[in-house]
Protein chains: 4
Amino acid sequence: MGPVKGVRSKRMPRAVRERQMMDAAVRTFGQRGYRAASMDEIAELAGVSKPLVYLYLNSKEELFTACIRREADALIAAVRAGAEPRLAADRQLWAGLAAFFTHTAVNPDGWAILHRQARTHGEPFAAEVATMRDEIVAFVTGLIGAAARETHRESELAARDMAGLAQALVGAAESLAGWANETEGVSAKEAAGTLMNFAWMGLGDLMKGARWSAR
Amino acid sequence: MGPVKGVRSKRMPRAVRERQMMDAAVRTFGQRGYRAASMDEIAELAGVSKPLVYLYLNSKEELFTACIRREADALIAAVRAGAEPRLAADRQLWAGLAAFFTHTAVNPDGWAILHRQARTHGEPFAAEVATMRDEIVAFVTGLIGAAARETHRESELAARDMAGLAQALVGAAESLAGWANETEGVSAKEAAGTLMNFAWMGLGDLMKGARWSAR
Amino acid sequence: MGPVKGVRSKRMPRAVRERQMMDAAVRTFGQRGYRAASMDEIAELAGVSKPLVYLYLNSKEELFTACIRREADALIAAVRAGAEPRLAADRQLWAGLAAFFTHTAVNPDGWAILHRQARTHGEPFAAEVATMRDEIVAFVTGLIGAAARETHRESELAARDMAGLAQALVGAAESLAGWANETEGVSAKEAAGTLMNFAWMGLGDLMKGARWSAR
Amino acid sequence: MGPVKGVRSKRMPRAVRERQMMDAAVRTFGQRGYRAASMDEIAELAGVSKPLVYLYLNSKEELFTACIRREADALIAAVRAGAEPRLAADRQLWAGLAAFFTHTAVNPDGWAILHRQARTHGEPFAAEVATMRDEIVAFVTGLIGAAARETHRESELAARDMAGLAQALVGAAESLAGWANETEGVSAKEAAGTLMNFAWMGLGDLMKGARWSAR
DNA sequence: CATGAATGAGCTTTCATTCAT
DNA sequence: AATGAATGAAAGCTCATTCAT
């Protein structure tokens, strides 16, 4: 089971300790929020004394920034790993969404930090996460453009339209991530399916009985 | 000109004073966040002494809750007022979205409280705003259902599907609200149009050149 | 006897409280030094809570600066009050020295702040007290010049020589202040007499053009 | 080139290591002050780990005391070496002063420790440096007595007067040391000359029995 | 001989909240 | 109706000091 959280286990190499601290910080920041989280609590959860946290991570601000970066990188990596580039664009989108829902479900504190906390506590942090979100939006925009080219020789979608659409899609995904994690029995794949139906087919078509499917 | 903010003017009826305090609180909470906002700052901005804030609003927590309620009610009212019930369901949806984008653009501090702060600072506040969001989701779900009935005798959309779709739609709207407020020259109606295209027509149709229009 | 130090006596006008705090701060800083003095100790000695000290004096740094200024002003005022301008220059100097020794004897903590602490704890504070010392040096330089003119039509003392002499005289006075305060039974007037013997008889010869030389 | 400061070089004899540490400590204490200097900084500047500093010097307090002693001994030695006992008393005094000004100019951190820091941070340290100062004052008192005997068979200077004069002279010297080190282009010999003018010409008259009086 | 890992204790500062008038 | 005066409690951060290797 590894060392029990909250109990001091002495003399570990720095890298290990640092990981423990970051884990504790992500959990505490995710659940309490940046301001409400105290360094005392983080240190206790990590099973170390407060000075050690400062020795390794320097300050609350730097610690939070480090958490944001770690979680952002992990999320991006998960999505990219999910969306295999050999697939068709719409299938890539579906797979990316599924990976996204899976990752956020498995890693709720990290998701809370990125989605809620970082954007609520001042420019430096918000900028950090905005960079990551922009990366995802760009990724999605690229997929939409690719899909358009695959489907029709001459797409009628202007660049600015695509940006708005990508914003809407990402926002919808973020919202569904919360919903899926809270609603009993909604799996990541299910959520991804719902969103693909919504995004790809549109409400109008859905009402006529049309459905998007992986093939 | 009315009483200048930040300057003490004596002896006003309670209702007026209370309004001044709430205005100051919404602005301060919206810009600083719940924790970073200090009662000192709120009192000063309201032009009253701190004990008076406590006399009327009891505590920081209650004050924040009161702000959430006031802003939530105002937002719901704006959306309901926008979506005239005599219109067709899709037009109602469009009108409601336009009203939503307009209200959030005009009232950014209130929107920040609802969208960011309340959800980030603990259950009691999150629950408060969840209630409002559920109300909006229910409203949207109702519109989707109505549209389905208007269009086809037997809708194939199950209740649970509709809930997910409504979640996605509301999330997309929230995301676009931020995007529209930050992006130069994107009006509320434009944002509503973008979202209707996305939601009603779907990416698939959009690529074929189809567009949703108010008529 | 007034309110006993260290015991809380409630609800006093701000000016009174502020004076109590400054008194406590001068005493604590003077005896412990800037760094070793804790705001806790100052607050306790002043008979108030720590937050009140911050409310009125803002920070440890500002509090220390305020102490320096207050004590510097008091010392300058004491010396100026002692040296009646109607007297001959040498008598003015004697009177000023006597006032200086008296003030430092009566006010040892204030003197410790100016002479020891302020100069030992960083530029901002050192600059503050340097200003005052320069004022005193200028005052003494003026007296030396006046005495020279009174005694001999054409003084042979160059400006730079006088600056050095004034530095030496002030340094000697500072040193004697410590010695007189520590040595049993040395009064302020006695110390002033000793220093006048040392300084004046030397100066008197200098003014006649005499110089000591290595051979 | 010798080992570069701040870089670890392994396995040196204890005496060498200890010297490096003391050098680093004198510099750090002299520039930052006793409290503001951190053992971390000292260890880093010495190029060793903190535990080694503790192993050799035991504690911050002992380290500081050791610095005071070393610098005091060095200063005394410099002054004694300067004042050749074969010379006449006034020339001895001049030479001693010149040596003093030279040593403090060359060794500003050591002088800061003795003159400023040690006297500012509590009895134990102040006592340490007071011993050294007393030694210098006694040395000067001896010179004054010798000069008096050389000049006049029966000196009219009582012992206590001489103590006061020596205090004044030493204080003047301390003050001039600061002035000379800060003022562009004032050499040690020049400062010694200024002080001899000030002091000796006055003392010369005193020895002839002259006295300044308030009337 | 030498150090990486770790902490107890203390400091400055802030804030929500109340009392006496 | 309204406020100047005051505080308990806690938070971020630093530092001298020690252990285990």
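Computed from a prediction, not measured in an experiment: that's the story for all the values here. Here is how names work: the chains are called A, B, and so on, in the same order as the sequence lines, proteins then strands, and each is numbered from 1.
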[N] [atom2] sits how many Å from [X] [atom1], rounded?
X	N	atom1	atom2	answer
A/Leu52	F/dC15	CG	C1'	14 Å
A/Gln20	E/dA6	CD	C1'	13 Å
C/Phe29	E/dT12	CZ	C1'	12 Å
B/Glu44	F/dT3	CD	P	13 Å
D/Ile42	F/dC15	CD1	C1'	12 Å
D/Glu41	F/dT14	CD	C1'	13 Å
A/Arg32	F/dA11	CZ	P	10 Å
B/Met12	F/dA1	CE	P	13 Å

Can you find a heavy atom in the side chain of [X] that is under 4.5 Å from one in the side chain of [Y]?
X	Y	result
B/Arg27	B/Asp109	yes
C/Ile42	C/Met39	yes
A/Arg35	B/Tyr34	no
B/Thr120	A/His121	yes

Problem - Secondary-structure stems for DNA chain E, with pairs counted as Watson-Crick or G-U when both distances are under 3.5 Å and runs at least 3 long - result: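 Runs of three or more consecutive pairs: E:2-21 with F:2-21.
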Problem - Face-on cation placement of C/Lys60 at C/Tyr54 ring, 6.0 Å and 45° thresholds - result: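 The answer is no, since C/Lys60 fails at least one limit relative to C/Tyr54.
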Handout entry: E/dC1 phosphate, OP1 or OP2, under 4.0 Å from D/Arg17 side-chain N/O
Key = no
Fill in the blank from the handout: Of A/Ala15 and D/Tyr56, the one whose closest nucleotide on DNA chain E sits nearer the 5' end is D/Tyr56
Practice task
Give a yes or no on this: more than 12 heavy atoms of other residues, nucleotides or ligands lie within 6.0 Å of atom CZ of A/Arg14.
Solution key: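 Yes.
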Practice task
Among E/dT7, E/dA5, F/dA6, find the nucleotide with the atom closest to the side chain of A/Ser49.
Solution key: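 Selected nucleotide (nearest to the side chain): E/dT7.
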Practice task
Keeping the roles fixed (side chain from D/Arg119, backbone from D/Leu114), state whether a donor-acceptor pair exists under 3.5 Å.
Solution key: no
Exercise for the section: Would you classify B/Arg14 as touching base, sugar-phosphate or nothing, given that sugar-phosphate means primed atoms plus P, OP1 and OP2, and contacts are heavy atoms under 4.0 Å? Expected result: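 B/Arg14: no heavy atom of the nucleic acid under 4.0 Å.
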Fill in the blank from the handout: The contact string for nucleotides 14-21 of chain E, one letter per nucleotide 5' to 3', using protein heavy atoms under 4.0 Å with B, S and - for base, sugar-phosphate only and none, comes out as BBSBBBS-
Handout entry: Non-hydrogen atoms of C/Ala25 and C/Cys67 that approach each other most closely
Key = CB-SG, 3.6 Å
Problem - C/Asp23/C/Arg70 salt bridge by N-O under 4.0 Å criterion - result: yes
